[in-house]
Each structure stands twice: as structure tokens, then as C-alpha cells.
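Structure first, commentary second.
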Amino acid sequence: MNARRVLRGTPASEGVAIGPAYLYRPEKPPMPRYITEDPEAEVQRFQEVVREAREQLRAIHAKVLQETGDKETAAIFEAHQMFLDDPMLVDSAVERIRAQHINAEAALADTIEEVAAMFDALEDEYLRARGADLRDVGERILRILAGIGGASLADLLEPSIVVARDLTPSDTAQMDRSRVLGFCTAMGGPTSHTAILARQLGIPAVVGLGEAVMELPAGELLAVDGSAGLVWVGPDEAGRQEFAARHVGWAAEQKRRQESAQGLTYTADGRRVEVVANIGDVRSAAEAVRWGAEGVGLLRTEFLYLERESMPDEEEQYQAYRQIAEALGDRPLVIRTLDIGGDKQVPYLPIGQELNPFLGWRAVRLCLGMPELFKAQIRAILRASAGYRVFMMFPMIAAVEELRAAKAMVEEAKAELRARGLEVPDVPVGIMVEVPAAVVGSDILAREAAFFSIGTNDLIQYSMAIDRTNERVSYLYDPLHPVILRQIHQVIQAGHAAGRWVGMCGEMAGMPEAIPILLGLGLDEFSMNASAIPEAKALIRRIHEEPARQLARRALECETAGEVRELVRAFLANL
């Protein structure tokens with residue numbers, strides 16, 4: 001391609017795009033430095049702003065989870081929230097205010113640079129990238145202290161290639177996807193959180209282009225190849241036509257992948273399995289169908305409760321669930337009841353501060369403690385299910401007593417609807433298996449639950465006693481660890497023995513290296529991010545049952561996740 005200039009960077013997110021450059025230069029917040037006569041008042045001011053920053057990050061976390069349907073991607077903002085709970089940042093800044101009698105902005109800026117420099121000095125590229133995340137969190141606090149809002153990529157007026165020195169995860173998460181054709185940055189690497197988000201959002205991206213990219217004039221025509229890590233500046237007419245054709249080809253390939261994923265899924269020797277999607281709102285239901293979803297294995301209902309000041313009523317919930325059911329037609333829809341608490345807080349519910357909210361009053365525990373809230377949601381689900389294949393699923397069930405109590409609430413809700421003169425459909429009620437106690441007691445729970453859906457994200461976290469956003473222990477978070485595989489096997493066996501189908505709605509369900517083992521273990525339903533469906537279906541259709549069962553048996557005998565991966569690599573190489 002002929003162009004005035006070619007910039008070389010690092011591939012961050014595949015795909016091609018061509019369009020005018022939009023130079024994103026957000027205003028830096030002021031960082032005044034002065035002596036304060038009242039350090040305690042300054043500490044209080046700082047702590048109030050930190051609380052506001054935490055609420056902003058919770059809202060962004062909810063937005064990303066809703067748009068991408070990916071807990072791992074949304075966990076980026078859980079990690080950002082953790083910076084605000086880390087003594088290295090907040091407590092150190094408070095100590096500086098008190099000891100040096102300096103203002104909050106100065107104390108925070110000094111602390112950020114000191115801690116970020118520690119990350120910058122590390123050899124591991126992934127850990128070095130966390131320094132950028134820390135600075136992102138710090139800049140958010142500084143903006144609130146200054147009383148100014150941040151520049152937003154939601155303000156784009158036309159489809160453009162975003163050019164920036166760097167894009168923070170906050171920038172990327174809040175950009176208007178309909179107007180962002182691609183982006184390229186002077187800084188960053190393929191393991192940065194921004195690159196991860198770009199890949200999840202399907203935005204072509206090149207990072208690490210150097211300062212030369214910031215010298216480009218606004219409106220300059222750019223052609224971006226996110227797979228090769230190249231940016232052509234000012235391509236000539238022939239180059240424009242060539243790249244436009246490549247873009248058409250790339251879009252056609254995306255469409256071909258979607259079309260190839262349509263239809264039901266069978267293994268190579270004819271065993272039927274369901275490949276469905278995890279979704280977080282009404283809009284993503286139609287998108288999931290385009291990607292080939294045979295239904296929805298997990299509807300996260302929190303989208304109706306987050307980022308608002310009051311609780312949604314029964315009618316609002318009914319309308320939303322009904323729209324999703326209509327978008328799916330005759331496809332199954334598994335609706336998970338409210339999973340608030342832990343990392344998802346709302347201002348209008350009296351959850352309160354807990355020392356360890358992930359092990360506290362959350363999910364079904366909270367719902368059982370607030371029966372009117374719970375029954376309003378159950379009534380909405382029951383009403384929306386009329387004429388559609390709707391299933392109801394309770395999160396975080398640990399004991400059969402909880403399941404029985406939740407089912408009793410369903411019966412109460414049914415009676416209330418009948419008292420209104422409404423017909424009540426028979427909706428199957430199942431549970432998420434995401435607590436080790438539910439694995440151990442899966443034979444007991446299978447007598448009460450109509451189905452199981454294994455939530456591996458939390459199951460792994462609780463089984464290995466780790467916080468998956470803590471980089472010091474993240475090496476223990478491995479879906480292919482034999483301990484995890486044995487728990488999955490136990491749940492599937494218990495479910496099948498009771499005549500129940502067993503699905504999985506954790507990230508593991510869409511992992512190509514996990515799919516052959518899960519098939520061999522007998523998993524009936526694979527629920528994943530919609531964009532992962534074409535690859536998952538193509539893989540399942542190539543696998544024969546007996547070799548998969550042999551692979552699973554050998555994997556269960558392994559001692560480490562590394563041994564399991566070696567088995568899977570050999571299996572996939574021979575397909």
C-alpha cells in the first residue's frame with residue numbers, strides 16, 4: 001500500500017479499519033501543592049473523594065459487564081477498586097497529609113509516583129502494566145478533587161480512528177463503540193488492560209507506536225491493521241481502495257464466522273450439546289443470536305438494578321425479560337435471579353459495609369433476607385415466561401435449605417399471581433454451582449434442582465481460596481487444575497444420576513483448551529460470551545465422544561494443570 005508514512009507498533013486487537021484520526025488529548029487535572037493549616041480536614045476531604053471514586057468504578061464495572069458479558073474483563077475495574085483499598089495508596093497519602101501538612105493532591109501525586117515506580121521496575125510485562133492502571137486510578141481521584149469531569153470518547157461526532165498517547169481502561173470502557181473504528185496509541189503493550197478490553201469489544205487496535213503518532217494532524221486519514229501492528233498515514237487513492245477492500249473482506253469473514261455458527265451443535269459422532277450465550281441486557285440478546293447462540297444460558301439480571309437510585313418494580317422487570325424472550329423466540333432463556341453484593345453494590349439497598357463482602361450477605365442470601373424484593377423479581381420472571389422456554393436459576397446456593405427456601409418463595413409468588421387472576425406457567429428452577437459446598441452436596445441438591453449450571457469463575461476462586469484480581473496469587477486461578485476438573489466431574493455425575501442436565505456458564509465453557517475435556521466429562525450445555533461461540537461450535541463439531549472421554553479420564557488422573565495442558569495440546573494437534 002502506498003502512503004506518506006507507515007508507523008509500526010504492537011498488535012493489540014485484530015481487525016482492520018480506515019478513517020479520519022481523532023486526536024484524544026484529555027486535559028490533565030491540576031496538581032497544586034501547598035501547606036494546609038488543618039491536616040485532618042484535608043484527610044476528610046481526601047477520604048470523601050476516594051469514596052466517590054470507588055462509586056464511579058463500581059458503575060464502570062457494571063457497564064463493562066453489561067456490554068461485554070465478560071466477568072474477567074469487568075474484573076479490571078474490580079482491580080482498580082482494590083487500589084483504593086490498598087494501604088500502599090490511600091493510607092500512604094493520608095500519612096503524607098498528616099506528617100507533611102500538605103494538600104491531598106500533592107500527597108496523592110507523590111504516593112502514586114512512588115508506588116507506580118515500583119511496578120515500572122518489575123521485569124514482568126504484565127505487572128509493569130499495572131503501574132498504568134494505578135496512574136489511571138490516581139488521575140480519577142485528582143479530577144474529583146479538582147471538581148472537573150474527564151474527557152470522554154463518548155463525545156465523538158463521527159466514526160473515527162482514535163489516536164492517543166495512551167488510553168486508560170476507563171477511556172476504553174466508556175467510548176462510544178458505534179463511532180470508534182479503531183485506535184492507536186503511543187504507549188502500551190499487548191498485555192495492558194486497555195488491549196484486553198479492545199479485544200473484547202472487537203475494536204482493531206495498535207499500541208506502542210511511539211510519540212510520532214501524537215504529531216499527526218486531526219482528520220488525517222489512517223489505515224489500521226490491528227493484526228500486523230501497522231498504521232498507514234495518508235494512504236493514496238489506490239491504498240484507500242486496497243484497504244477498503246481488506247476491511248470488506250475482514251467484515252465478510254466476521255459474518256462468515258457468524259453464519260457458520262448458526263444451527264444446532266453436535267459432536268462428530270452425533271451427540272447433541274447446546275452452545276448458548278451469557279448476556280447482560282436486552283441489546284446483547286439479539287447480538288448473541290447473530291453469533292449463533294442456541295439460547296441464553298445466563299441472563300445477568302443486575303443490569304436492571306445497577307446505576308440507578310431506586311429499585312426496579314415488577315412491571316419494569318417483566319417488560320425487560322419479555323423483550324429478551326421475544327428476541328430469542330423458541331430458544332431457551334435461563335434467567336439468574338439477582339446477584340447483588342460482593343463486587344456489586346447499590347445505594348438503595350441496606351447491604352452495609354462488610355469485612356469480606358464476597359463471603360457475606362449477597363446473591364440468594366440477600367434475596368431470602370428481602371422477600372418482597374425477591375418475590376417481585378420472581379413474579380416478573382414467571383409472567384415473562386408465558387409462551388417461551390424460560391428457566392429460573394438461583395446464584396450462590398450452598399445448602400439445600402437455601403434452595404428449599406427459595407423454591408418456597410417461588411410458590412408464594414405463584415399464589416400471588418393466581419390471586420390476580422393470571423395463569424402461571426411451570427418454570428423449571430435450577431441453581432448455579434459456584435460454592436464448593438454445593439459440589440460436595442450436589443447429589444442432595446440434584447433431588448431439588450431441575451438443573452445445574454456450573455459457575456466456574458467463583459467456583460475456582462472459592463475452591464483455591466484466592467482473589468483472582470490479586471496478581472500475587474493469580475497463578476492459582478487455573479480452570480484446568482485437576483482439583484477443579486474433579487469438582488466439575490462430581491457435579492455432572494450427580495446431576496445425570498438424578499436425570500438433570502448440567503451446563504456451565506463460567507469463562508471456562510468458552511475456552512478451546514477446556515472444551516474437549518468438558519465434552520468428555522459429559523457436560524450438556526456450554527454458555528459463553530457470544531463472540532466465542534463460532535470457534536467453540538467449530539471445535540465441538542470436530543470431536544468424537546470416545547476420544548474425549550479418554551482425554552477426560554486421563555486429565556482427572558493428572559496432578560497439575562500443566563500436565564492437563566500437555567494432554568489437551570496433544571489431543572487438539574491430532575484432530
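Hydrogens, waters and symmetry mates are skipped; everything else that's a heavy atom, side chains included, is used. Small disclaimer: the values here were computed from a predicted structure and weren't measured.
Side-chain contact between F571 and I543 is present, with at least one heavy-atom pair separated by less than 4.5 Å. Between L445 and F452, the closest side-chain pair of non-hydrogen atoms falls below 4.5 Å. Side-chain atoms of R362 and I340, non-hydrogen and from C-beta on, never get closer than 4.5 Å to each other. Side-chain contact between V296 and V276 is absent, with no heavy atoms from C-beta onward closer than 4.5 Å. Using a 4.5 Å heavy-atom threshold, the side chains of L518 and I488 count as touching. F391 is not listed as a side-chain neighbour of V429, based on a closest heavy-atom distance of 4.5 Å or more. You'll find the side chain of M396 stays beyond 4.5 Å of the side chain of M432, heavy atoms only. A 4.5 Å side-chain heavy-atom check between R569 and R565 finds at least one atom pair inside the cut-off.
No salt bridge links D339 with R300; every basic N to acidic carboxylate O contact stays at or beyond 4.0 Å. We find that R135 and E113 are joined by a salt bridge, their nearest charged nitrogen and carboxylate oxygen being less than 4.0 Å apart. No salt bridge links E52 with R143; every basic N to acidic carboxylate O contact stays at or beyond 4.0 Å. Note on R404 versus E401: no salt bridge recorded, every NZ/NE/NH1/NH2 to OD/OE distance being 4.0 Å or above. Between E545 and R549, at least one side-chain N (NZ, or NE/NH1/NH2) sits under 4.0 Å from a carboxylate O, which counts as a salt bridge.
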Evaluate the criterion side chain to side chain contact (heavy atoms under 4.5 Å, CB included) for residue pair M508 and L485; output intermediate values, then yes/no.
CA-CA 11 Å; M508 185 179 180; L485 298 181; 3.6 Å; yes
So M393 and T337, side chain to side chain contact (heavy atoms under 4.5 Å, CB included) or not? Walk me through it.
CA-CA 6 Å; M393 178 166 70; T337 57; over 6 Å; no
Carefully, step by step, assess S453 and M504 under the rule side chain to side chain contact (heavy atoms under 4.5 Å, CB included).
CA-CA 5 Å; S453 185; M504 178 180 290; 5.7 Å; no
Which is it for D478 and I484 under the side chain to side chain contact (heavy atoms under 4.5 Å, CB included) test, yes or no, and what are the steps along the way?
CA-CA 8 Å; D478 195 326; I484 304 303; over 6 Å; no
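Counting only N and O atoms by type, the side chains of T301 and R336 include no donor and acceptor under 3.5 Å apart. There is no side-chain donor-acceptor pair under 3.5 Å between T456 and E507. Side-chain contact, T265 with E274: no donor N or O sits under 3.5 Å from an acceptor N or O. Between the side chains of D166 and T185, no donor-acceptor pair is found at a separation under 3.5 Å.
Between the side chain of K407 and the backbone N or O of E402 there is no donor-acceptor pair closer than 3.5 Å. No donor-acceptor pair under 3.5 Å is formed between the side chain of Q490 and the backbone N or O of S442. A distance-only check finds no donor-acceptor pair linking the side chain of N529 to the backbone of A532 [under 3.5 Å]. Side-chain N or O atoms of D458 include none that pairs as donor or acceptor with a backbone N or O of E434 at under 3.5 Å. Judged by distance alone, with hydrogens and angles left aside, the side-chain atoms of R54 form no donor-acceptor pair with the main-chain N or O of V49 at under 3.5 Å.
Across all non-hydrogen atoms, the minimal contact from A288 to I279 is CB-CG2, 4.1 Å. Contact between L108 and G138 at its shortest, heavy atoms only, is CD2-O, 3.7 Å. L134 approaches A116 most closely through the heavy-atom pair CD2-N, 3.6 Å. Residues F303 and A320 come closest through the heavy atom pair CZ-CB, 4.2 Å. Residue F46 comes nearest to A104 through the heavy atom pair CB-CB, 3.9 Å, listed as atom of the first residue, atom of the second, then distance. For the pair L572 and P512, the tightest heavy-atom approach, listed with the atom from each and the gap, is CD1-O, 4.3 Å.
Counting non-hydrogen atoms of other residues, nucleotides and ligands closer than 6.0 Å to CE of M370 gives a total above 12. With a 6.0 Å radius and a threshold of 12 heavy atoms from other residues, nucleotides or ligands, E14 has its CD atom at or below the threshold. Annotation: E535, atom CD; neighbour count of heavy atoms from other residues, nucleotides and ligands within 6.0 Å does not exceed 12. Around the CZ atom of R554, the shell of radius 6.0 Å holds no more than 12 heavy atoms that belong to other residues, nucleotides or ligands.
A distance of 6.0 Å separates CG of L298 from OG of S527, quoted to the nearest 0.5 Å. Between the CE atom in M409 and the CD atom in Q377 there is a gap of 12.5 Å [rounded to 0.5 Å]. Atom CG of L333 sits about 6.0 Å away from atom CG of L299, to the nearest 0.5 Å. Interatomic distance, CD1 of I517 versus CG of L523, reported as 12.0 Å (0.5 Å rounding). The CZ atom of R51 sits 12.0 Å away from atom CD1 of I144, with the distance rounded to the nearest 0.5 Å. The distance from atom CD1 of I381 to atom CE of M392, rounded to the nearest 0.5 Å, is 4.5 Å.
Results of the side chain to side chain contact (heavy atoms under 4.5 Å, CB included) test with V564 over T560, L567, V568 single out V568 as the only residue that passes.
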